[in-house]
Amino acid sequence: MVRFLLRRLLNYVVLCLVATFLAYSLASLTFRPLSTLQNRQPPPPPQTIAAKSAELNLDQPIPRRFLTWAGGVVQGDFGNTVVSAPIGEQVLSRAGTSLRLFLAGTLIGVTLGVLIGVAGAVRQYRPSDYLATLFSFLMLSTPVFVVGTLLKVVWLPVNQAAGTQILYFSGEVTAGFQGTFTESLVDRLQHLVLPTVAIALGQIAFYSRYQRSAMLDVLGSDFLRTAQAKGLTRRRALFRHGLRTALIPMATLFAFGFGLLVTGGVFTERIFGWFGMGDWLIVGVQQQDANIVATVTLFVAVLVLVSGWLSDALYAALDPRVRIR
Amino acid sequence: MLEVRDLEVSFPSEAGRVAAVRGLSFDVGAGEVLGIVGESGSGKSVSALATMGLLPPQARIGGSIRFHGTELLGKSDVALSRIRGRRIAMVFQDPLSALTPIFTVGDQVAEALRVHDPKLAKKAAAERAVDLLDLVGIPHARARSASFPHEFSGGMRQRVVIAMAIANDPDLIIADEPTTALDVTVQAQVLDVLKTAQEITGAGIVLITHDLGVVAGVADRLMVMYAGRAVEQGAVDEVFGHPRMPYTLGLLGSVPRLDATEKRPLVPIEGQPPPMTDLPPGCPFTLRCPMAVERCSAEEPALEVVGPGPGGPEPHRSACWRSGDIERVEHDVAGAGADTAATLFGVRAPAPGAAGTDGRPDRPVVLDVVDLVKHYPVTTGSVFRRRVGTVHAVDGISFDIREGEVLGLVGESGCGKTTTLMEILGLEPPMGGRIVVLGSDVAGLGRRARVAVRRDLQVVFQDPVASLDPRLPVGDVIGEPLEVHGVARPQIRRRVAELLDLVGLRPDHANRYPAEFSGGQRQRIGIARALALEPKVLILDEPVSALDVSIRAGVINLLEDLRARLGLAFLFVAHDLSVVRHVADRVAVMYLGKIVEIGAVDRVFAAPSHPYTQALLSAIPIPDPAVERRRERILLRGDLPSPADPPSGCRFRTRCPLFVELDESRRRRCVTEEPPRAAVGSGHEAACHFAHAREVV
């Protein structure tokens, strides 16, 4: 099994390379990184433009440019932006920002989603189940930027009533904040809550729907009946035999769900003014910068593939039938 | 011990409340085996689940179920859970889904022990679980207890379920169709284990089944259920010998007998059970009953004593207004040597004209299969596929079918029957060997010629529900082959009406959709479709195994009738040997991709020469308690070996009862040398080095 997972990991390196290459080529083909320079008034001398072009390797074919960039990445150098700032300096802080949001959102989304799904299945067609279903469909049909904006609108009066900023709407930390470690942690949490909720709500809706139907399958299964026939109470049979079995399909979904979350993350970061990877992608597009786009793509690809890999490992841990000897 | 009184169970449904069980009363004494038979939907399983307290919460239950004097109905789940598995245990129908896939079988058996005895140490429970697994006949129980359910075959899983059921030495075991999903040889093994379990625990058993043969040998008493009620009850010999309710008579008459010496007509029970939402007053069997009188549709008869049980206190009861008349008819026909059921249901002897095996060499061969081979590669890896083995699905089989002849192809699941069918139906050049249909070798067929041959070779599938497109009206389903072969529209319409009539449906059925028909009717539609092009050879893949017993007889009779009238040849694939005996002229027995015995039905069934055929035949229960008790079973050990790794020499030697008795030098021959098919009689061949005939039926 370990060997299988390692081999998978090796496959993923190739996949990451392919995904990044595609994004890089697409960006390089459509972007005009020199346009800002060319449109400047008065027009800069041709030598300046030529020098910039050479600096950006624009005279080389795209695969060649990609190889130069990828070669740098292996050594920890992500290249420069169009305005000659090294990308590497921002990668860590932006990745950290995004990861904090994604991980918190996923953790809360998966946990609550599974719990609500199980509860809905066990109490099928009761008011609580209908309520959860209504919530899920509302959330699934509302784009994340609407949810984010709504959260802001809803929370604003609360802050006003309290007379102080309980939760912040923008940024990941108060600018120029000074204080002890605990104080700074609290400050960060105050910033974290609303964007995390915005992401988690969609995740809860997504996982709870699937968990509910998986659990309903298990509820009608023969083996649950066998467990009860052995003398387990219904509740005990449900928890011991039912729950883990119903979690198996969730492991596969996790890989998809995470991809969905990352896409939603782009908007969430923008709305709440977080300088994360999603925000960067938009900056990169605005500045016609292939290097930024490729870097963000690589980050997303790594995240999605790691989540896929995790879901494989999770699947094997939950279900003995897929374990490979 | 168990007293069920006036049990009523109903479920809500879109069409109104479904009364699944209506006033059912029965007792089970200590150490007694009660058989409950009935068709699907008769309320057998629901009553069992009611006893266990395992019905879904929306079920409404009334009446009384007392166990050792304590009322079970109305007890809380916690209180019932103390009885379930400890005093009353249950074995379910489908062993493939009855075990939790994520726990090892050892853990699951141990759990059954620990849940009733929390003080029992984990280790001790695991030890005891190994003992139990050993007891129910799991080889290498200690090692296998760490395996997961998916690593076990169906029969082995059912043994595990039985091990869990007997773990706490229960007073009562309810077995709900415990062998329905299993092959006959495995069924015999599992019934044997169940018997052993009863001997060890001394438990009473409620054996629920639709197979009259299964209860005949095992049960002490029998209860026949129809539409949620008991319609006949009594000692097993009494009910089998002197049924007093037309439904029981029909059931008994509808199953082909393995021990029949002459062709006996099967009794089809026309129609289907009434919908359980809106039962008409009167006896629910009225509409299907050949002896119904006015009173039957006005008043539902109660279960009344119709005769004493021989040598026992158990009286024979039946719910029929005319049970007295049945007794009279039984008396009359006994003198004439006729069959009560056939007389009452007015069944004629099968139409003459079936060719049988007379003059066989003179008739032309319609389907000739010579040394047919089909291997599947076993591969690994996704990008770079490597071949790591070969599944020998069909490994050189030969047979021929002559005009107007029926060849039955039998064997357990996994023996290669279906692969053989698919190879023949594909009309592609086979991997090895030859397939000749009506004189033309399929290997040399061009595209057009292949289409022409298809006209003459048609198929009827096993599952009548899945094999008909639910979105096409029946007329289109039947007419489609004609359309494909370019028949004009008005002509198609005429032919469809003709075909519907031929299979016993009404021409106006053509506008309805498959969902409006019952299983038996759908299979008739499937047959009509197969006959549309007037084929000469019909391939039937388990055509009746998905149907209820009473429906089965009607379809079999239809097939026989069609064959006689249209002069068709059948390749009849089935696992049910009694059906094959009834329908076929010749039979070929397959084991692991080989034909081990082939010959005329009468010869093969009367004097089977291959040990596998003998075991197969002896495993099939005969619906006659007296015969069944006297029979000796040849039990096969273990399961079918993997066709990816068949044993050397004779493939059957690993399970062969004869091999065990042989001396060393003879055994070596079985291990090293593959036995060729050799003649053991006229037209009768067996592939065994030490073939000798033995009577087992």
Side-chain angles (χ1 to χ4, degrees), chain A residues 1 3-4 7-8 10-15 18 121-126 129 214-251 312 314-325, chain B residues 48-49 52-58 76-104 107-117 146-151 157 160-161 164-165 167-168 170 173-174 176 380-383:
Chain A
M1 194 67 218
R3 259 190 61 202
F4 168 76
R7 251 210 335 265
R8 262 287 160 89
L10 204 73
N11 285 348
Y12 286 166
V13 173
V14 180
L15 277 175
V18 172
V122 174
R123 307 175 60 83
Q124 196 188 9
Y125 299 142
R126 304 270 186 86
D129 179 35
M215 194 66 192
L216 280 178
D217 269 355
V218 170
L219 282 181
S221 68
D222 288 355
F223 63 80
L224 210 63
R225 204 174 53 183
T226 312
Q228 284 178 266
K230 281 199 284 195
L232 274 73
T233 56
R234 183 163 177 80
R235 175 182 291 266
R236 197 160 156 200
L238 265 182
F239 277 95
R240 260 189 66 76
H241 292 256
L243 192 57
R244 203 177 117 190
T245 319
L247 277 176
I248 294 171
M250 289 305 110
D312 274 349
L314 216 61
Y315 204 139
L318 287 172
D319 191 348
R321 284 168 294 185
V322 302
R323 282 178 210 159
I324 298 160
R325 301 234 162 134
Chain B
L49 290 175
M52 293 291 282
L54 290 178
L55 284 173
Q58 61 266 33
S76 71
D77 186 43
V78 176
L80 274 175
S81 72
R82 272 183 224 122
I83 296 172
R84 281 199 303 255
R86 194 164 63 94
R87 315 288 306 275
I88 310 178
M90 190 154 177
V91 178
F92 297 96
Q93 172 170 3
D94 186 2
L96 295 184
S97 58
L99 294 169
T100 309
I102 54 172
F103 297 124
T104 64
D107 283 352
Q108 295 193 50
V109 177
E111 189 186 26
L113 292 159
R114 277 168 53 86
V115 72
H116 293 290
D117 185 5
S147 300
F148 289 96
H150 69 275
E151 297 166 273
R157 286 190 224 186
V160 175
V161 176
M164 294 195 306
N168 295 296
I173 300 173
I174 301 177
D176 185 4
T380 179
S382 48
V383 185

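FYI, side chains are in, hydrogens and waters are out, and symmetry mates aren't considered; it's all heavy atoms of this structure. The chains referred to below are lettered A, B, ... by the order of the sequence lines, with proteins before strands, and numbering in each begins at 1.
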Legend entry - Check: A:Lys230 main-chain N/O paired with B:His116 side-chain donor or acceptor under 3.5 Å: yes

Inset, instruction - Counting only heavy atoms closer than 4.5 Å, note whether B:Ile83 contacts chain A via side chain, backbone, both or neither. - result: neither

Inset, instruction - Just give me the residue among B:Val91, B:Leu54, B:Ile88 that pairs up with chain A most often, heavy atom to heavy atom, under 4.5 Å. - result: B:Leu54

Legend entry - Residue pair A:Phe223 / B:Leu99: nearest heavy atoms and the distance that separates them: CB-C, 3.4 Å

Inset, instruction - Check each atom of A:Thr245 against the heavy atoms of chain B and say whether the ones under 4.5 Å are side chain, backbone, both or neither. - result: both

Legend entry - Contact origin within A:Leu219 toward chain B - heavy atom pairs under 4.5 Å: neither

Legend entry - Any side-chain heavy-atom pair of B:Gln93 and A:Asp222 under 4.5 Å: no

Legend entry - Region of A:Arg7 that comes under 4.5 Å of a non-hydrogen atom in chain B: neither

Inset, instruction - Looking only at non-hydrogen atoms, find the nearest pair between B:Pro101 and A:Pro320 and report the distance. - result: O-CG, 3.3 Å

Inset, instruction - For side chain to side chain contact (heavy atoms under 4.5 Å, CB included), just list the numbers for B:Val115 and A:Arg236, CA-CA rounded to whole Å, side-chain angles, deciding distance to a tenth of an Å, and then say yes or no. - result: CA-CA 10 Å; B:Val115 72; A:Arg236 197 160 156 200; 3.6 Å; yes

Inset, instruction - Compare every heavy atom of A:Gln228 with every heavy atom of B:Arg84, then report the nearest pair and how far apart it is. - result: NE-O, 2.7 Å

Inset, instruction - Give the minimum heavy-atom separation between B:Ser81 and A:Thr233, together with the two atoms involved. - result: OG-CG2, 3.3 Å

Inset, instruction - Evaluate the side chain to side chain contact (heavy atoms under 4.5 Å, CB included) criterion for residues B:Gln108 and A:Thr226: first the C-alpha distance (whole Å), next the side-chain angles of each, then the deciding distance (0.1 Å), finally the verdict. - result: CA-CA 10 Å; B:Gln108 295 193 50; A:Thr226 312; over 6 Å; no

Legend entry - Derivation of the side chain to side chain contact (heavy atoms under 4.5 Å, CB included) call for A:Arg244 and B:Thr100: CA-CA 10 Å; A:Arg244 203 177 117 190; B:Thr100 309; over 6 Å; no

Legend entry - Separation between CE of B:Met52 and CZ of A:Arg225, rounded to the nearest 0.5 Å: 9.5 Å

Inset, instruction - Between chain A and each of B:Ala112, B:Pro149, B:Ser97, count heavy-atom pairs under 4.5 Å; write down the option with the most. - result: B:Ser97

